[in-house]
Amino acid sequence: MRFLRPLAVPSLAIVFYLIFSGEWRNLGTWATTAFTWLLGVPWALVLAVSLPLIFVGLAIRMLAASFRQMVANQPSQVQTLGRPSEKPEDRFDRLGGLDQAKEKLEPVVSWLRKPYGTLGSDVPRAVLITGPSGCGKTALARAIAGEAATALYTYSGAEFHELLIGMGSSRMRQAFSEASGNAARNRPVVIFIDQIDLIATERSSGPSVGANGDAEAHRTMAQLMTAMDDLVVNDRVYVIAATSRPRVIDPALFAPTRFGLRIDLGLPDEAQRADILSLLLKEHSRLAAGVDIRAIAAGVAGFTGAELQQLVQGAAAAAATRSTAAPLTLDDFIEAKTRILPRVDLRDPPDLVRHLDSRIEGQRIAKERLAVAVSNHYLRLMMANRFEAPPVAIRKANVMMLGPTGTGKTMLVETIARYLDVPFVITNATVLSGTGYGGVTVEKMLYRLLIAGSFNLRRAEYGIICVDEFDKLALGHGERSRASSGAVQQELLKLVEGSVVDVPKNEAQLSGNLDFYQFDTKNVLFVCLGAFNGLAEHVARRLSLPEDALGDRSALMDHILPEDVIEYGFLPELVGRFPVITATLPLDHAELVRILQNEQNGLTHEYAELLALQGRKGTVFTQDGVERIAAEALLRGVGARGLRGVMENALATTMYERAEPGEPALIIDAELVGRGLNSAALVSPSTGGRVLTPHQVSRKLANLLPGAVRARETLAVASSRHYGSPGGSADRQCVVLVDPRTGQRTALVKALAEVWDVPWAVLDAAALTGQDAEAVKDAHGQPWWVTEIVEELVSRSSGRPATIHRGVILVDAIDVLLAQHSGRTLTSVVRPLIEGRPLPGGFPTDRLMVVLAGSFPTPPGDGDHTDPARLVEEARAHYPMPTWLRDRAVLAVTDLTHDHEGLLDFIRRHDHELRRKYQPILDSRRQIIPVSAELHENLAHRAAQEDWSLADLSLHLENAFLRNLG
């Protein structure tokens with residue numbers, strides 16, 4: 001009872017006085033007197049007064065004691081970790097592949113058994129164990145304590161990392177206090193701190209010091225160093241720490257009085273793996289007698305000790321499924337290995353291409369190159385699942401894919417990744433930054449790949465990273481500075497070539513509160529995509545092609561070499577890591593139509609289902625409606641990406657107006673699509689904003705058909721003037737084609753309309769001879785030839801009403817009218833077209849381009865029939881023109897004979913178009929029709945000998961192709 005302690009000294013004094021003075025003999029008398037006095041005291045009064053005072057005093061003491069206990073316990077709850085010690089049974093002989101580490105740690109174990117000498121001089125003061133996850137850091141620390149038979153206290157760096165000021169350092173101080181208090185004088189204890197990098201990162205200077213919890217981590221580290229420095233010689237606490245990031249540890253911790261010994265553990269090599277496997281198989285010695293440990297060790301390169309343990313346990317489990325006494329075989333280890341490494345449903349390149357063909361139209365070359373690269377990449381990885389090492393090292397082949405926007409680059413990679421069921425991420429190169437300031441670091445891509453792999457590190461390392469807009473990283477291109485682009489390229493180079501990168505396990509921005517994966521990118525396939533605008537010019541310069549010979553620049557993308565990409569602005573080291581460089585080509589009208597109608601992901605099926613949900617069941621897209629949508633998307637120049645936009649604009653009104661009960665099925669044809677686009681004023685202009693020079697027009701015409709140089713140049717000049725600056729009717733000109741032999745006039749007009757992307761129509765003037773052009777009317781009271789022109793323009797306008805007024809009209813057989821002096825027909829039919837006056841019925845012609853053509857035959861013996869200039873003079877002489885026509889007409893002569901090389905060029909191009917036209921049939925039959933140079937030569941000779949027109953030649957070529965098609 002603490003309250004009696006103050007009475008001890010007076011009581012002793014009284015006792016000594018009674019003894020030495022002899023008064024103790026009178027104690028009996030004093031006791032009798034006191035007892036008599038007590039009997040005379042009124043105890044009821046005493047109790048009534050004293051008991052309340054006693055209770056009040058006790059209550060006050062209890063409240064005071066509670067308050068003192070609360071104050072005393074509050075810091076104790078914060079500081080005291082209450083960590084029980086343990087005595088591990090781990091031993092060095094149970095750890096394989098760590099002979100060098102064991103040798104270095106022998107003095108430490110001897111000191112822990114019996115302290116001797118000067119700690120820090122004779123024996124390292126503390127030990128730091130470094131190495132990747134799973135290499136045995138914790139097991140080695142436990143084995144040290146187990147060998148010395150000493151107590152072990154295990155902590156994690158995360159336990160000492162706090163945001164509250166003083167919390168982490170207080171916990172560190174308490175950990176040392178508890179460990180020291182529980183140790184014997186000659187039997188030290190061990191404190192093991194795992195993930196010490198979380199509190200021991202290198203301290204920096206500047207305005208960022210102390211931000212995001214770093215200050216408290218530094219205080220905790222300072223407390224750790226103080227605790228280690230304050231331990232005297234032969235004291236009772238020994239420190240062992242572990243980290244997987246030794247490079248971030250503050251150098252101050254490596255002072256002689258701190259971590260004097262560093263043990264670096266790496267991934268075990270083949271001999272170490274064999275040693276580990278031998279130890280692990282001792283538990284299954286009866287079943288593992290016939291196992292070739294060396295072969296298994298050679299086939300598990302890159303495995304950690306933990307994964308080797310998992311391998312042996314998995315093999316034993318696989319053997320147990322056969323029989324409890326079944327011996328371990330190589331197949332058991334193969335099955336166990338496939339459970340550790342990710343599974344990939346490996347497919348051959350033809351299977352991949354067939355899957356891509358079912359979902360993506362066109363791009364045959366790009367599909368094949370990508371399929372081969374991906375198949376080889378995962379074939380290389382799947383070989384690692386077996387215990388047969390290839391005789392040579394096979395490196396991965398990263399892919400660089402170039403091509404215009406909307407041609408399916410991203411969709412190709414995404415489709416193939418989903419088909420193989422591997423982790424896949426798409427990132428935009430425009431947001432990448434070398435430091436993360438003003439963007440994200442390249443390591444962020446790996447974190448997203450971890451998310452896609454459900455944070456399974458091994459599975460994530462088998463993934464695909466698609467870097468879109470890769471061309472924006474070129475030096476000197478886009479809005480980036482050269483320094484910024486170069487920094488990102490250098491960072492990407494580190495990942496692409498294969499390196500081990502620290503990737504945080506969470507997205508927390510507290511730099512001291514991060515735990516990291518060791519992400520190895522050597523098995524990650526990188527696919528970089530970009531439009532690379534302007535790269536064709538680099539290719540043309542390398543090939544020494546003149547500007548007027550470039551033609552379709554997209555065709556040059558097939559000839560790209562790495563040096564072209566380097567010249568474009570990329571580091572040679574980075575380009576060298578992309579051995580596969582391929583390109584996608586712009587989509588044509590037919591491919592866009594097939595994309596819309598694709599059975600797997602076609603937009604027509606998607607919108608039909610969407611309309612069905614809105615109550616319009618049985619919606620049908622007609623062929624002309626689909627072609628109208630494809631034509632509009634083609635005009636917008638964004639490839640397949642434009643299809644959805646056109647579809648939304650065309651069907652906006654239809655989807656806004658919900659279906660009524662009993663309403664018939666909706667039929668979406670060209671008229672409905674055109675009406676929807678017109679109502680939204682979204683019809684793309686055809687030639688209004690498009691200006692081509694005569695040189696450009698002539699070059700495009702040359703790409704579409706051979707020969708006819710004079711006529712081609714005349715049409716180029718006239719059309720460029722007409723569509724570039726239409727002017728009034730007084731400035732209008734018309735071209736008169738003199739085409740006596742080769743029949744090129746229709747092909748020329750068709751090609752001209754294709755260049756300007758306008759519809760075209762043919763009016764046969766011979767059908768107007770001998771009758772009144774105004775006499776024959778159609779059902780609506782219009783002259784038949786007006787109706788015929790308009791209908792033909794509409795049919796070739798792909799449902800774009802705005803384009804029919806800008807088309808090209810070919811008035812064929814004009815020489816027949818001139819020869820018969822049909823002045824009335826010329827005046828009523830041809831003159832309004834030439835002068836741009838409205839036709840009967842009000843159809844405007846002021847924006848139409850008119851081309852007159854005919855054979856203009858002359859008497860056999862009259863003049864030189866091989867001189868074009870002479871033919872023009874004879875046409876003027878034998879076929880006199882009215883003044884209104886002669887003043888506006890420009891005569892041009894087509895080829896008198898077809899050049900052999902020109903015919904061959906035309907045949908090759910038309911043969912290529914035929915193959916694209918019939919490609920679906922060839923694919924469905926799995927049929928290949930080889931290109932026959934002999935057939936081309938024979939057709940060219942026959943065309944020259946028999947005076948075939950180009951139309952005749954096209955017909956003969958298609959007939960030959962169909963015969964081969966069967």
Can you give me the closest heavy-atom contact between A892 and T714, atom names plus distance? CB-OG1, 3.5 Å
Full working for salt bridge (charged side-chain N to carboxylate O under 4.0 Å, His left out) between D669 and R628: CA-CA 8 Å; D669 56 7; R628 173 68 180 90; over 6 Å; no
Would you mind telling me which of L651, V620, L611 makes a side chain to side chain contact (heavy atoms under 4.5 Å, CB included) with L666? L611
Indicate yes or no for a side-chain donor-acceptor contact from T407 to the backbone of P586 under 3.5 Å, with no hydrogens or angles considered. no
Hey, mind stepping through H722 and W756 against side chain to side chain contact (heavy atoms under 4.5 Å, CB included) and telling me if it holds? CA-CA 11 Å; H722 176 82; W756 289 101; over 6 Å; no
Could you go through the side chain to side chain contact (heavy atoms under 4.5 Å, CB included) check for Y607 and R644 one step at a time? CA-CA 10 Å; Y607 275 85; R644 186 176 293 274; 3.6 Å; yes
Among side-chain atoms of T405 and R641, is any donor-acceptor pair under 3.5 angstrom? yes
Answer with yes or no whether the side chains of Q597 and Q623 bring together a donor and an acceptor at under 3.5 Å. yes
Working note: M647 + L596, criterion side chain to side chain contact (heavy atoms under 4.5 Å, CB included); need CA distance, chi angles, decisive distance, verdict. CA-CA 10 Å; M647 190 81 81; L596 285 168; 3.9 Å; yes
Go through the steps to decide whether I667 and L672 satisfy the test side chain to side chain contact (heavy atoms under 4.5 Å, CB included), and finish with yes or no. CA-CA 8 Å; I667 298 177; L672 186 147; over 6 Å; no
Drop me the distance from Q600's CD to H605's NE2, to the nearest 0.5 angstrom. 9.0 Å
Test item: H589 side-chain N/O and E627 main-chain N/O as donor-acceptor pair under 3.5 Å: yes
Is it the case that T894 and D739 place a side-chain donor and acceptor less than 3.5 Å from each other? yes
